[in-house]
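Note that ligands are numbered from 1 as they come in the structure, with each ligand's atoms numbered from 1 the same way.
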Amino acid sequence: MKKGLLIVLSGPSGVGKGTIRELFVHKPELNIAFSISMTTRKKRETEIDGVHYRFVSEETFLEAIANDEFLEYAEFVGHYYGTPLKEVEELREQGKNVLLEIEVQGALQIKEKCPDALMIFVVPPSLEELRRRILNRKSEPESIIAQRLEKAQSEMELTGQYKYVVCNDDPQLAADIISIIIARHMESDIGP
Ligand code: 5GP
């Protein structure tokens, strides 16, 4: 069986990656499986442990680093986030196209380790619109929002590291464009 693709979806916090990701659930033809990251961040009210993330203590996370359990991991605005290596490999061996929704430092680690990963970056229509979306989410205190916005600007400087840059004016349209990109890579053996 052909090994599944490794798809990296990055973009600043609040750009709508989560919404786009959910739209892929309605596209079974893409054969996508979602990797569930481990994080030390606190669970938001709308999130479910084991579905959105595995929420763990810093001690557990550091232990997982020591045991080489991550394909990549990074620190983002005061918390750790990491992709489980074993799970991703197993899914890809089963032929699933595994989608990682991760920030740029982790994405660059993947690019090093897996040069054939399909690197996609989602940008907002403008920084003003991004600020509006983050403020609307109301899930974080203002100081964290400010840090996330600052981070967004530095992340946007790294779009050149990605093969595809997709603007999220409309999540459905962005998901459709990304679907076309994935389908194209599934069909042919074109490089990263
Ligand atoms: P949030 O706290 O908003 O859920 O996520 C913060 C950032 O961490 C987002 O850009 C998200 O894509 C990223 N992220 C989520 N899981 C991982 C992961 O496993 N590794 C890395 N490097 N980033 C992640």
Side-chain angles (χ1 to χ4, degrees), residues 6-24 32-56 58 60-65 67-89 91-92 98-114 117-124 127 130-131 133-159 161-162 165-166 168 171 174-175 178:
L6 185 60
I7 305 158
V8 173
L9 191 66
S10 294
S13 178
V15 77
K17 287 167 293 178
T19 312
I20 293 172
R21 184 172 78 160
E22 274 159 32
L23 291 169
F24 289 133
I32 288 181
F34 303 100
S35 159
I36 301 169
S37 296
M38 205 187 259
T39 184
T40 57
R41 164 167 80 61
K42 282 217 164 53
K43 194 171 85 60
R44 294 181 188 138
E45 255 178 39
T46 51
E47 292 174 325
I48 303 166
D49 189 18
V51 175
H52 296 95
Y53 283 108
R54 277 193 202 99
F55 296 94
V56 300
E58 191 158 320
T60 304
F61 199 100
L62 294 176
E63 219 173 272
I65 296 177
N67 293 335
D68 267 339
E69 288 176 30
F70 292 117
L71 176 56
E72 62 71 38
Y73 70 91
E75 193 254 322
F76 183 91
V77 190
H79 297 291
Y80 286 115
Y81 297 80
T83 303
L85 173 63
K86 189 161 164 265
E87 195 182 296
V88 168
E89 270 311 297
L91 287 165
R92 289 185 72 198
V98 180
L99 187 126
L100 310 180
E101 186 210 313
I102 61 175
E103 52 67 70
V104 292
Q105 303 164 68
L108 294 182
Q109 292 172 43
I110 300 270
K111 201 178 168 189
E112 272 294 309
K113 281 190 196 167
C114 318
L118 177 54
M119 309 278 294
I120 304 170
F121 195 94
V122 182
V123 290
L127 274 177
L130 186 71
R131 173 191 294 275
R133 290 183 194 175
I134 295 183
L135 289 175
N136 262 351
R137 197 156 69 180
K138 294 194 181 82
S139 58
E140 265 109 18
E142 252 171 54
S143 61
I144 301 283
I145 290 173
Q147 284 179 55
R148 282 180 176 252
L149 270 169
E150 205 172 297
K151 192 90 178 172
Q153 304 203 20
S154 61
E155 289 202 313
M156 301 266 277
E157 284 165 17
L158 291 171
T159 52
Q161 298 287 332
Y162 290 74
V165 179
V166 177
N168 185 16
I178 295 171

Inset, instruction - Locate the shortest heavy-atom distance separating L127 from Q153; write the atom from each residue and the value. - result: CD1-CD, 3.8 Å

Legend entry - Minimum heavy-atom distance M156-P12, with the two atoms named: SD-CG, 3.8 Å

Legend entry - Sorted by chain and number, the residues that approach ligand 1 to under 4.0 Å with a heavy atom: K17, S37, R41, R44, Y53, E72, A74, F76, Y81, G82, T83, E101, I102, E103, G106, R148

Inset, instruction - Take the angle between the ring planes of Y80 and F61 and call it parallel below 30°, perpendicular above 60°, tilted in between. - result: parallel

Inset, instruction - Classify the angle between the aromatic ring planes of F70 and Y73 as parallel (below 30°), tilted (30 to 60°) or perpendicular (above 60°). - result: tilted

Inset, instruction - Answer whether the closest heavy-atom distance between the side chains of L71 and L6 falls below 4.5 Å. - result: yes

Legend entry - Beyond-backbone contact of E155 with S13, side-chain heavy atoms, under 4.5 angstrom: no

